[in-house]
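Structure first, then comments.
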Amino acid sequence: ASAAVRVQLEAQLSMGLSNTPMANAGLKVCSGNYVVAKPLGVVDGIDYGHSGEVRRIDSEAIFRLLEDDNMVLLPHLGFSPTGEVFNLKAEDVATQAAIQLKADKLIIFTEDEGIFDEKDELYSELLAHHADTILANGGLTPITRDALEACLMAVRAAVPRAHIISFNE
């Protein structure tokens, strides 16, 4: 399923977008085995099968592609040195890519509308210590919690900014 979505996305990025600023841009999209993963294995008696976690990102290969004016697409699949394929959390791939590529910013899109304060107003900015408090208090959906944890990890690992944006927006 992940590979099918990746191919569909690559096809859409290849379309001629005639009435846009991207007309005749000729985007080159590359994807591949740039995420090295390891299996989750058995945790608390549960065998996670083909689920894994990011071991590292092949940042050298990605930098070479970017220097050649390619767009790099990193699906949530990781590959082990023995050729196994693991399903990874998309937030983990994005966070590790941002950290290891020394990105200026991490942007995570979610289906949730964002994080709201006590007055039911959307936060437009959060500092790390405030995000910690929100996580400790609970009340977030699992999707928003995962996104906020990913952003916090990136910021604490020297990514200057992180954003959570609703893809509906």
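Just so you know, these numbers come straight off a predicted model, no measurement behind them.
- K38 has its side chain within reach of E53: a pair of non-hydrogen atoms, C-beta onward, lies under 4.5 Å apart.
- Side-chain atoms of V29 and N70, non-hydrogen and from C-beta on, never get closer than 4.5 Å to each other.
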**OP:** For N168 and E113, run side chain to side chain donor-acceptor pair (under 3.5 Å): C-alpha distance rounded to whole Å, both residues' side-chain angles, the deciding distance at 0.1 Å, then the answer.
**Re:** CA-CA 8 Å; N168 294 320; E113 295 305 312; 3.2 Å; yes

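- With hydrophobic clusters built from ILVMFWY side chains whose heavy atoms lie under 4.5 angstrom apart, I108 does not share a cluster with F167.
- For the residue pair Y34 and L65, the shortest heavy atom distance occurs at OH-CD1, 3.1 Å.
- Nearest heavy atoms, L106 versus A150: CD2-O, 4.0 Å.
- The two residues A162 and V155 come nearest to each other via the heavy atoms CB-CG2, 3.9 Å.
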**OP:** Verify side chain to side chain donor-acceptor pair (under 3.5 Å) between N87 and S51, making sure each step is shown before the conclusion.
**Re:** CA-CA 5 Å; N87 185 37; S51 294; 4.8 Å; no

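- Closest approach of G32 to F79, counting heavy atoms only: O-CE1, 3.9 Å.
- Of the possible donor and acceptor atoms, none in the side chain of H50 sits under 3.5 Å from a partner among the backbone N and O of F86.
- Among L74, V54, L77, the one residue that satisfies the side-chain contact (heavy atoms from CB on, under 4.5 Å) test with L88 is V54.
- Scanning all heavy atoms of the two residues, the minimum distance from S59 to L101 falls at CB-CD2, 3.5 Å.
- Salt-bridge check for R156 with D132: passed, with a basic side-chain N closer than 4.0 Å to an acidic carboxylate O.
- Y123 and L126 get closest at one heavy-atom pair: CD2-CD2, 3.7 Å.
- A distance of 7.5 Å separates CZ of R55 from OG of S80, quoted to the nearest 0.5 Å.
- Applying the side-chain hydrogen bond (donor to acceptor under 3.5 Å, both in side chains) test to S31 and every residue at least two apart in sequence or in another chain returns R6, E10.
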**OP:** Take R161 and D104, measure what salt bridge (Lys or Arg N to Asp or Glu O under 4.0 Å) needs, and give me the verdict at the end.
**Re:** CA-CA 7 Å; R161 300 178 66 86; D104 294 326; over 6 Å; no

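- Using a cut-off of 4.0 Å between Lys/Arg side-chain N and Asp/Glu carboxylate O, K28 and D69 are scored as not salt-bridged.
- Using a 4.5 Å cut-off on side-chain heavy atoms (C-beta onward), L135 and E149 make contact.
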Original post:
Can D58 and R64 be said to form a salt bridge (Lys or Arg N to Asp or Glu O under 4.0 Å), step by step?
Top reply: CA-CA 10 Å; D58 188 350; R64 282 194 304 271; 5.6 Å; no

